[in-house]
Colleague: 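Supplied in structure tokens, the structure appears directly below.
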Amino acid sequence: MYAHGSRSHIPQPPHSAGTPYKGLRAAIDPNQIPSPIDTIEADREKWEDQPYMTLPGKHPPLSTTDFIAIDQGNSSPRYVRMSTWNVPSTSRLASECEIPIAAIIQPFADQDPREEPIPLVETGPSGPPRCASCRAYINPWCTWVAGGARWKCNLCSHETEVASEYFCNLDANLLRLDHLQRPELNKGTVDFAVSEEYWAPHPPPHIRPLYYSVVPPPTNGVRKPQPMDYVFAFDVSQEAVRSGFLKTACAVLLDALFGDGESIPPCFPQTSRIAILAFDRTLQFYNLSSEIVGQPPMLVVPDVDDVFLPSTSGLFVNIEESKNAVIDLLTTLPMRHEQTFETEAALGSALAASLAALAGRGGQVVTFAATLPTIGIGALQPLVDEAALYGTDKEKTLFAPREETWKDIGEQCASEGVGVSMFLGMGRPIDVGTIGVVSTISGGELYFHPKFDPVKDGIAFSSQLKRIVSRATAYSCSMRIRTSNGLRVATQLGNFYESPAADLEFGTMDADKTISVALEHTRTLDDRQYAFIQAAMLYTTVTGERRVRTFNVALRVVTLAGNVFQYADMDATVTHMLKTAVSKMPSEKISHIHEDLTEKCALILYAYRKFCAASAAPTQLILPEAFRTLPLYILSMMKTKPLKGRNVTADVRNYHAHKMMAMSARRTMFHLYPRMLAVHDLNDEIALPDANGKIDMPSLMRDSHLFMESHGVYLIDNEDLTVLWIGSSVSPQVLKDLLDVDDIMQVDPHILQLPALPTRLSTQVRNILAHRFAQRGYVPKFTLARQNMDGAEIEFSDMLVEDQNNAAMSYLDYLCLVHKQIHTALTTGASISSGHGGFRSMPW
């Protein structure tokens with residue numbers, strides 16, 4: 001189907017320089033090395049027609065597969081994915097295998113529409129039954145004793161009395177008679193509706209408050225759950241107005257709130273209220289109440305160092321009741337500031353004001369910023385020449401906040417149940433490493449549009465804002481991971497605030513966010529019993545209901561390394577390793593992180609070699625089934641924007657680092673190894689609805705120029721960017737069918753989306769893109785690159801991760817390097833891990 005060795009492939013397109021292999025290596029046919037595509041396609045075919053039953057003991061589908069899970073007491077891998085589904089029984093076995101024991105948890109993951117929704121359990125005033133000792137929630141793996149009068153906790157083995165209203169007799173199998181009527185006793189993932197006892201507490205007064213409160217302090221200690229409110233804060237400085245960022249932001253928000261009456265439906269939650277705030281050298285609040293006729297009055301706070309709310313009346317409004325005022329303000333806001341001369345904007349003060357508006361109830365702040373905040377709270381000076389710092393010990397300072405105030409803002413937002421998302425549309429560096437920490441700690445999200453262009457960035461911008469207001473979101477969230485005896489939580493990675501009690505606090509948490517939890521042994525586990533993990537997320541819904549969502553996973557315990565490798569999960573392992581690598585950026589040089597990754601890759605493969613395939617010849621590279629393509633994904637990590645060598649600006653690195661710390665396993669796999677397909681090679685049935693309306697997606701191809709032809713058209717997508725590459729000798733018919741032109745010279749390289757043509761090829765490609773949009777809920781940026789003609793070809797070529805580019809080796813060379821390390825360790829007995837005599841000191 002694709003260009004292989006027999007046919008001539010294209011020369012490598014223009015790309016950022018890579019590094020060659022040092023020394024000699026055997027000539028290897030690229031078709032013979034392991035490909036992730038084979039594994040992904042085989043798994044997709046396997047789970048296409050059958051559901052996945054979640055009881056322990058089976059290989060779950062890959063994160064890249066669209067599967068249907070049937071919850072049998074273990075949470076679906078959509079919510080909790082383990083790095084190995086067989087836990088080593090001892091810490092020694094765990095360290096010998098080298099596979100990190102980690103759970104990747106995505107609490108609000110979008111379900112497949114064919115799956116049954118998560119059940120909601122009403123528990124009454126007493127709340128859900130919990131273990132009296134470890135406070136774990138009741139779940140399907142608990143057992144009943146004393147005729148049903150007590151239940152035994154599966155985590156700590158403590159027996160807890162059953163409340164009289166919850167009591168039920170047992171049957172002959174020691175199960176309750178109402179077992180099937182109670183979802184919490186047979187489903188791994190459930191929502192409990194909870195009472196006042198579980199309401200979010202008010203945080204204690206801060207030593208350095210960010211704002212002066214005009215509202216008297218609360219008398220009771222808890223926040224009543226209410227529908228989630230939004231504050232939209234607009235930067236109205238000269239930079240935002242000049243680039244069209246302010247005008248686009250207002251127009252996009254109007255579409256999200258009210259739709260356009262035709263093709264775009266409104267997607268804003270009906271129960272939520274909004275407030276609108278503008279900022280430059282001053283803070284400008286608007287009274288949007290429906291009683292006021294004409295333009296909404298503006299209240300100005302001129303002192304951006306002492307922030308307070310000038311008034312609370314008309315600040316938050318329901319968008320239906322105050323529709324005219326909101327439309328009036330968002331339409332006139334860009335015009336009011338058209339002639340502005342204000343070059344500064346106090347972003348920190350605007351965030352403090354937004355926090356003041358939402359304090360005591362929680363909510364979400366969405367801010368649109370275009371200027372480095374050089375005044376107000378958390379004022380920053382422009383960055384010095386950052387290029388001089390790369391490769392030195394000061395390189396690490398680029399990835400940590402320069403001003404502690406921003407961490408303080410993030411922590412106060414998280415403890416008040418406020419999440420901050422930022423759209424950054426700047427023309428000059430804006431220090432994402434410092435201001436972005438607010439979003440990182442509060443559980444929000446960053447959207448990055450450098451050198452903002454309303455035409456080029458408008459579609460992606462609009463799609464991102466709609467995703468923010470329409471995806472499953474919760475606020476005032478707190479999470480705790482509990483494990484059974486013998487295991488404990490070692491580290492927790494993601495975008496959150498870790499409280500002193502080791503609970504994870506999120507101002508907001510949504511469908512796209514994931515956390516990674518590494519576990520370690522505290523004693524030997526019994527291999528005749530399961531090991532258990534329970535994650536509990538306490539949250540308030542967008543509509544204002546307080547709930548606890550619990551996730552339960554039972555894992556088999558094994559005593560042999562072969563069994564650990566047999567049920568290892570590469571998606572979870574790779575996701576955890578990437579989050580670990582990115583989290584080291586503020587404390588380690590990037591070159592050292594690269595060495596750690598290569599070392600970890602070699603150690604895992606060496607452990608398999610040593611304990612599971614010791615009889616094979618040392619010259620043979622033997623890879624475990626689960627980790628056949630691990631070296632390729634590790635190499636791809638070194639080619640990502642935050643971790644790649646050579647010059648990438650600190651803002652770009654920090655933005656992508658923020659995204660990767662919260663990225664789901666599925667997005668991580670598709671980002672590291674982008675999906676590429678040959679558009680000119682699609683057969684006539686693929687990507688078109690069959691008689692039942694079902695659409696089959698085409699097979700993917702490997703990310704290398706060695707499999708491409710100059711008469712081809714290829715579509716590649718790494719979740720952030722979609723590129724359509726057109727070969728120089730493409731057939732005029734393909735161009736006509738896809739872009740409605742005959743000649744490659746007539747192709748407009750600036751098109752923002754494919755034209756809707758009635759041809760089969762155009763319909764197929766648009767169906768593929770629509771299918772991907774339905775899966776992820778947003779549209780990535782789109783660009784077109786013609787062979788040897790357009791600048792976007794470098795971006796395309798850098799996504800071909802199997803080639804030599806991005807200051808790193810080709811996949812073939814890297815595989816040889818890892819094999820050489822393992823071979824040397826097997827034949828000389830040298831240690832792979834760093835230290836004296838380790839590979840760090842070797843010449844390669």
Side-chain angles (χ1 to χ4, degrees), residues 210-211 231-254 275-286 295-296 298-307 310 329-357 365-383 402-403 405-406 409 420-436 438-439 446-454 456-458 461 465 649 651 655:
L210 295 166
Y211 56 87
V231 175
F232 292 98
F234 293 91
D235 179 341
V236 291
S237 65
Q238 203 172 14
E239 172 69 34
V241 175
R242 184 194 54 75
S243 66
F245 185 60
L246 174 62
K247 189 172 182 180
T248 309
C250 290
V252 163
L253 180 56
L254 270 175
I276 294 175
L277 159 70
F279 62 95
D280 45 25
R281 286 189 67 83
T282 60
L283 301 178
Q284 299 144 34
F285 298 83
Y286 293 92
Q295 281 201 339
M298 178 169 79
L299 302 164
V300 178
V301 175
D303 188 348
V304 289
D305 290 312
D306 293 332
V307 174
L329 175 60
L330 290 176
T331 315
T332 58
L333 195 61
M335 297 178 210
R336 288 187 193 184
H337 296 277
E338 232 164 7
Q339 303 303 320
T340 184
F341 295 108
E342 297 293 354
T343 55
E344 296 178 301
L347 175 63
S349 303
L351 293 177
S354 306
L355 177 60
V365 178
V366 180
T367 180
F368 303 90
T371 314
L372 181 77
T374 50
I375 51 167
I377 294 172
L380 297 168
Q381 294 311 308
L383 278 162
R402 290 191 293 150
E403 170 63 66
T405 312
W406 293 87
I409 296 173
V420 179
S421 291
M422 296 188 196
F423 285 84
L424 305 174
M426 60 289 171
R428 291 190 294 279
I430 198 170
D431 198 356
V432 176
T434 302
I435 65 172
V438 177
S439 291
L446 294 176
Y447 297 97
F448 190 63
H449 298 279
K451 297 190 169 58
F452 182 79
D453 176 344
K456 186 165 66 76
D457 298 325
F461 188 152
L465 184 66
T649 63
D651 274 0
Y655 160 69

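In what follows, every heavy atom counts, from backbone to side chain, and hydrogens, waters and symmetry copies are set aside. Bear in mind the structure is a predicted one, so any value in this text is a computation, not a measurement.
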Colleague: May I ask you to test the Leu465-Leu253 pair for a side-chain heavy-atom distance under 4.5 Å?
Modeller: yes

Colleague: Please give me the minimum heavy-atom distance between Ala352 and Tyr211, naming the atom from each residue.
Modeller: O-CD2, 3.8 Å

Colleague: For the residue pair Leu333 and Tyr286, establish whether any side-chain heavy-atom pair is separated by less than 4.5 Å.
Modeller: yes

Colleague: Who are the ring pair (Phe, Tyr, Trp, His ring centres under 6.0 Å) partners of Phe279, not counting sequence neighbours?
Modeller: none

Colleague: Is any side-chain heavy atom of Val365 closer than 4.5 Å to a side-chain heavy atom of Val438?
Modeller: no

Colleague: Could you check whether any side-chain heavy atom of Val236 comes within less than 4.5 Å of a side-chain heavy atom of Gln284, counting everything from C-beta outward?
Modeller: yes

Colleague: Can you tell me if Asp651 uses its side chain to pair, donor with acceptor, with the backbone of Asp431 under 3.5 Å?
Modeller: yes

Colleague: Is there a side-chain contact between Leu372 and Met426 (heavy atoms, below 4.5 Å)?
Modeller: no

Colleague: What residues, two or more places apart in sequence or in another chain, satisfy side chain to side chain donor-acceptor pair (under 3.5 Å) together with Arg428?
Modeller: none

Colleague: Could you pull out the closest heavy-atom pair between Val231 and Ala357, with the gap in Å?
Modeller: CG2-CB, 4.5 Å

Colleague: I need the full list of salt bridge (Lys or Arg N to Asp or Glu O under 4.0 Å) pairs touching residues 235-248, with sequence neighbours left out, sorted by first then second residue.
Modeller: Glu239-Arg242

Colleague: Indicate the atoms forming the closest heavy-atom contact of Gly376 with Val304, along with that distance.
Modeller: CA-CG2, 3.6 Å

Colleague: Considering only heavy atoms from C-beta outward, does the side chain of Phe368 approach that of Leu246 to under 4.5 Å?
Modeller: no

Colleague: If you round to the nearest 0.5 Å, how far is OG1 of Thr248 from CG of Asp453?
Modeller: 8.5 Å

Colleague: Are side-chain heavy atoms of Leu330 and Phe234 found at a separation under 4.5 Å?
Modeller: yes

Colleague: Does any N or O in the side chain of Ser439 come within less than 3.5 Å of the main-chain N or O of Val420, such that one atom is a donor and the other an acceptor?
Modeller: yes

Colleague: For Arg336 and Leu329, run side chain to side chain contact (heavy atoms under 4.5 Å, CB included): C-alpha distance rounded to whole Å, both residues' side-chain angles, the deciding distance at 0.1 Å, then the answer.
Modeller: CA-CA 10 Å; Arg336 288 187 193 184; Leu329 175 60; 4.2 Å; yes

Colleague: Which heavy atom of Thr371 sits nearest a heavy atom of Ala345, and at what distance?
Modeller: CB-CB, 4.1 Å

Colleague: Nearest 0.5 angstrom please: Ser237 OG to His337 NE2, how far?
Modeller: 10.0 Å

Colleague: How long is the span from the CD1 atom in Ile409 to the OG atom in Ser354, to the nearest 0.5 Å?
Modeller: 10.0 Å

Colleague: Give, for atom CZ of Phe341 and atom CZ of Arg281, the distance between the pair rounded to the nearest 0.5 Å.
Modeller: 15.0 Å

Colleague: Where do Glu403 and Thr434 come nearest, in terms of heavy atoms and distance?
Modeller: N-CG2, 4.0 Å

Colleague: Find the distance between CD1 (Ile435) and CE (Met422) and round it off to the nearest 0.5 Å.
Modeller: 5.5 Å

Colleague: Are the side chains of Leu347 and Trp406 in touch, meaning some heavy atoms are under 4.5 Å apart?
Modeller: yes

Colleague: Roughly how far apart are Leu351 CG and Thr367 OG1, rounded to 0.5 Å?
Modeller: 5.5 Å

Colleague: Looking at Asp305, is its backbone amide N or carbonyl O close enough to the side chain of Ser349 to form a donor-acceptor pair, meaning the two atoms are under 3.5 Å apart?
Modeller: no

Colleague: Centroid-to-centroid, Phe461 to Phe245, below 6.0 Å?
Modeller: yes

Colleague: Compare every heavy atom of Leu210 with every heavy atom of Val307, then report the nearest pair and how far apart it is.
Modeller: CB-O, 4.0 Å

